[in-house]
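Before any comments, here is the structure.
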Amino acid sequence: MIVLTRKERLVLVVLSVSIAAGSLARYLFRSFPASQKIFNVANDYHEHLRLDVNRASVDDLKAIPYLGEQLARRIIAYRQQKGHIQGLNELSTIKGVGTFKWQIIKKHLMVRP
Amino acid sequence: MEFRKKPFAFLFCFLSAGIVIGYGTRWPITGVLGAYAFFIILSLALSYRYPRVSFLFLAVSFVVLGMLLFQAHGPMPRKARRNDLRPYYYRTAAVQGVIVSHVQKRKFLRSDKYVFILDVWRVKQDGVWRERREKVLASAFGPRDLFYGDVIETSGKLYPPFNFFKDTFSYKDHLARKGIHTLLSVKAKAPVVILARRKGGRVMQAAMWVKERCKDVFVRYLTANESAIAQAILLGDRYLVPKELKALFVSTGTMHILVISGMHIGVMAFLILFLFQALSIKRSVRIILTILSLSFYALLTGAQPPVLRATLMACVFLCGMLLERQEDHVNSLALAGVVLLLVNPWNLLDAGFQLSFMSVLSILCFYPSTYRLARRVLRLKVLPRWADFFLQSLIVSIVVWISIAGIIAYYFRLVTPVTVIANVLLVPLLAPMMISCAGLVISGITVPVIAPAFAALTKITFNTMVAIVLWLSKVPFGSMRLPVFSLWQVIGYSVAGILFFVLIGRLAKRLT
């Protein structure tokens, strides 16, 4: 009969509980892909940081990389002129929004219905 | 402060004062040396008859020693810099040298970029090799197979570091504190010839090998960003964490989770000690092995000032356990500070050093009285364990936030009240994160069958942490930008903060 000390037993318990919990989590991730999506914030945190173009201020827009004050003001002016921006595609018509900036805008902005 | 019980605190205070004076003023080295000899001899001569006056002169001698140290590590005089790389700036030259740091593999546009410190021995220009000795920060583009200890020959452009954000952070000064005054850029087309391998220190080489194996495991079992976070938390490599994600941690005042500091070293020390204990190793051997393992871990993580501070403190604590003597925490902290200042006095001007020492000092000095007062004011006599833990975490978080808010405002132009809540939520997550990460590394290398289970646990803990940070970053007025915060404002804030905590201490004493 193997006699274990209290500490040895504790290490074994911690180890087995960790493996069991990990295995259960892995099973859930495989069986229910939706659960994997919940625990994927580290990769798709961009989605949660997107700004609503219809509510963003000049300062908010200026914080986006490669978007200067002038372009931010143009976007706000366009929004005021239109009343409400329906889709991000509309922004590509604004002066100063080329292919490169359009890619950036797509990543950082969104239109909330 | 009782200097008899805290000799290193005494040494640290006066040494730091000397370094600050050395930074602000210029004195001839002979004068400083003469003054040091004068004060130390005077202190020794008066030690028997006038011990108090002798103590005063001893204190002054330590201030002068700080100035002397600073001069010894300061920028080299023009005459002494004859042998450096300045004549080759803005020109392409062939260099030979040895890689003396971990080789960081970064993404740069569509290609790879390898960043490392090269100890240059020789430079070739116009067909002639010349002896030149200087450490340079090298960036080599394109696919490379480089490792710590490789002796290489390559060609690239040499130039001095730029000063990016002049008013807040000087990249040039940051590198100068590490003894680097030159950058080397190697284009993707330029060949990097490996002349010899494994020419570095053996222990460091072993540390780098372990680091590479750990990285392989993280890359194999985790997604890109999870692996980057794991490498930051366990191996001290933050450069892989995306900028936006880092910005989220900065804005919530929780960047210390991604930077290896006292908490990480504490968890690691506990883990190692616990494992050795479970293996039924003799107590004294167990403690010595833990000290050795922690020192190896500090090397593996790059031995930055916060890591060294925490490792030294943990080693002093473990030595106290070994000798069965109660150590004084403030004295251990000061000892760690003195060692770091002796190694490099510029450490005193490093933001990481200041934040690390200030936060630990505030926990040691101000937390106990604030906790007592909080319990007294809230009339909490008996508390359930979980509630007491929550209260303790909250008080620690508040005390540390108040203590380092001035330094953060000065360096980062940020005030982050949300930090108080963020730390209460995130600090308890650190231990599970590190345990699952360490479990993943060990199982990934030794028993790959159980590694996916640890990977799933790591995934859950990391994503929970990022979700909390993301949520806290959206709290209104959680983080505010400051237009300017001068050094005088920091000093004023610090004095007010100390007075505030002294008042709290007195109040706690009176009420309890």
Side-chain angles (χ1 to χ4, degrees), chain A residues 2-52 55-57 59-60 62-67 100 103-104 107-110 112, chain B residues 221-230 232 241-249 251 271 273-281 286 431-433 435-440 442-443 447 449-471 473-474 481:
Chain A
I2 300 168
V3 182
L4 297 171
T5 63
R6 200 173 148 264
K7 294 276 176 189
E8 286 165 344
R9 274 203 306 274
L10 194 61
V11 168
L12 286 178
V13 167
V14 170
L15 196 66
S16 74
V17 168
S18 304
I19 294 170
S23 305
L24 179 69
R26 199 158 175 260
Y27 170 78
L28 289 173
F29 288 156
R30 279 182 164 192
S31 311
F32 308 100
S35 64
Q36 200 165 8
K37 216 176 174 186
I38 295 171
F39 289 105
N40 201 27
V41 195
N43 291 310
D44 61 12
Y45 64 94
H46 268 124
E47 301 292 323
H48 303 273
L49 289 175
R50 282 184 175 188
L51 285 171
D52 182 6
R55 287 178 189 176
S57 65
D59 286 339
D60 292 338
K62 261 167 61 185
I64 296 172
Y66 303 103
L67 230 80
F100 177 72
Q103 295 296 333
I104 305 281
K107 250 187 174 180
H108 290 89
L109 293 177
M110 61 182 284
R112 224 169 247 159
Chain B
Y221 292 100
L222 301 171
T223 60
N225 285 357
E226 288 162 3
S227 158
I229 295 172
V241 180
K243 270 182 193 168
E244 294 96 339
L245 201 54
K246 261 193 254 182
L248 282 179
F249 279 88
S251 69
L271 261 179
L273 210 56
F274 190 67
L275 278 177
F276 286 144
Q277 205 169 359
L279 292 172
S280 302
I281 295 171
R286 192 165 71 214
M433 277 195 295
I435 292 169
S436 59
C437 244
L440 174 62
I442 295 166
S443 61
V447 201
V449 185
I450 55 167
F454 280 106
L457 275 185
T458 310
K459 198 178 172 66
I460 290 174
T461 49
F462 280 8
N463 283 289
T464 309
M465 173 182 74
V466 175
I468 292 173
V469 170
L470 204 59
W471 171 63
S473 69
K474 290 176 183 171
R481 288 230 157 255

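Reminder, nothing fancy here: chain letters follow the sequence lines and each chain counts from 1.
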(message) Less than 4.5 Å to any heavy atom of chain A: does that hold for the side chain of B:Leu245, its backbone, both, or neither?
(response) both
(message) For chain A, which candidate among B:Pro242, B:Ala228, B:Ala453 shows the most heavy-atom pairs at distances under 4.5 Å?
(response) B:Ala453
(request) Answer with side chain, backbone, both or neither: which region of B:Leu470 has an atom nearer than 4.5 Å to a non-hydrogen atom of chain A? (result) side chain
(request) Check side-chain hydrogen bond (donor to acceptor under 3.5 Å, both in side chains) between B:Ser227 and all other residues, then give those that pass, not counting sequence neighbours. (result) B:Gln231
(request) Indicate yes or no: at least one non-hydrogen side-chain atom of B:Phe462 is less than 4.5 angstrom from one of A:Val41. (result) no
(request) Answer with side chain, backbone, both or neither: which region of B:Lys243 has an atom nearer than 4.5 Å to a non-hydrogen atom of chain A? (result) neither
(message) Other residues, nucleotides and ligands only: do more than 12 of their heavy atoms fall within 6.0 Å of NZ on B:Lys246?
(response) yes
(request) Go through the atoms of B:Ile229 and report whether side chain, backbone, both or neither lie under 4.5 Å from a heavy atom of chain A. (result) side chain
(message) If we define contacts as heavy-atom pairs under 4.5 Å, which of A:Ala21, A:Ala25, A:Ser18 has the most with chain B?
(response) A:Ser18
(request) Determine yes or no for a side-chain-to-main-chain donor-acceptor pair under 3.5 angstrom, with B:Lys474 supplying the side chain and A:His48 the backbone. (result) yes
(message) So B:Ile468 and B:Met465, do their side chains get closer than 4.5 Å, heavy atoms only?
(response) no
(request) Using the test ring-ring contact (aromatic ring centres under 6.0 Å, His included), find all partners of B:Phe274 that sit at least two apart in sequence or belong to another chain. (result) B:Phe270
(message) If we define contacts as heavy-atom pairs under 4.5 Å, which of B:Pro452, B:Pro432, B:Ala224 has the most with chain A?
(response) B:Pro452
